[in-house]
Amino acid sequence: MPPCLAVGNWKMNTGVAEAVALASSIRNGLESPAPRGVETVICPPFISLAPVMDAISGSPIKLGAQNAYSRPSGAFTGEISPQMLADFCQYVILGHSERRHVMGEDEGLIAEKTVAAVAAGLQPILCVGETLEERQRGDAGAVTRRQIRTALAGVPTAGGLVIAYEPVWAIGTGVPATPAAVVDITAGAIREELADRYGETASSQVPVLYGGSVNPQNVADFLREPSIQGALVGGASLNAGQFIQIVRLTAEIKGPA
Ligand code: PEP
């Protein structure tokens, strides 16, 4: 079975003090009893990575970055390299819909970033998913497959990869996709593309998460599906109580019996 994850994407929210307080609340809330069988990952803004690393030190909580550039160093003003992040983080979110659609990142750049992240020893949480227009055209599966194929073209092995299926129309809208619509993609297009690329055995170990308006009330509906190994959570991860509930539900539903 692939590992299960609950990932909090804080986006461009929280100053340093607030980030440390949120991380500490999550840490305290998960201390006893410690949830089993779920990897908890929090992704604060870059400037809070170091203080949050201190705040969660000695706990099982892992740190992720929300983005990284494709080059190790150089004249790239404003960018952060995966090598720099590797001192703090185990994971990095790449290809998030806000990077694709708000910042204009194209699939070629996301592919370069994915290769660079793996080379630096980070585990990419590769986000894929269709827009509403693409869904309405009946292209959700084809778009998702293409995004995976392009992003992973230079990544020779599946070890360490995490895929997050995040239909763009479900992110931050308060309207999640239905579990049936998600399973159609997670069990179909995503697994098929991974299996074509890496073979059945290796690809079956890649966790596939759902993201898009996940909260403690709806997360169980997704976690009960065998093709979904956890959640990538935006808004609800800024509330320690809600995120803790999501982590605990993930452990209850996906963890050891
Ligand atoms: C996200 O940021 O990846 C996300 C899914 O956001 P939200 O949970 O707020 O929809």
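As the structure lists them, so they are numbered: ligands from 1, and atoms in each ligand from 1. The chain is numbered in sequence order, starting from 1.
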Legend entry - Of all pairs that satisfy ring pair (Phe, Tyr, Trp, His ring centres under 6.0 Å), the ones with a partner from residues 143-194, not counting sequence neighbours: none

Inset, instruction - Find the distance between CD (Glu130) and CD (Glu166) and round it off to the nearest 0.5 Å. - result: 11.5 Å

Inset, instruction - For the pair Arg149 and Asp196, find out whether any cationic side-chain nitrogen is under 4.0 Å from an anionic carboxylate oxygen. - result: no

Inset, instruction - Evaluate whether atom CD of Glu31 has more than 12 neighbouring non-hydrogen atoms of other residues, nucleotides or ligands under 6.0 angstrom away. - result: yes

Write 'none' if nothing qualifies; otherwise put on separate lines each N/O atom of ligand 1 with a protein N/O atom under 3.5 Å away and their distance to 0.1 Å.
unit_1	atom_1	unit_2	atom_2	d
ligand 1	2 (O)	Asn9	ND2	3.1
ligand 1	2 (O)	Lys11	NZ	2.8
ligand 1	2 (O)	His96	NE2	3.1
ligand 1	3 (O)	His96	NE2	2.8
ligand 1	3 (O)	Glu166	OE1	2.9
ligand 1	3 (O)	Glu166	OE2	2.7
ligand 1	6 (O)	Lys11	NZ	3.3
ligand 1	8 (O)	Gly234	N	2.8
ligand 1	9 (O)	Gly235	N	2.9
ligand 1	10 (O)	Gly172	N	2.6
ligand 1	10 (O)	Ser213	N	2.7

Legend entry - Lys/Arg-Asp/Glu bridge criterion (N-O < 4.0 Å) met for Glu193, Arg146: no

Legend entry - Steps toward side-chain contact (heavy atoms from CB on, under 4.5 Å) verdict (Thr150, Ile110): CA-CA 8 Å; Thr150 316; Ile110 294 164; over 6 Å; no

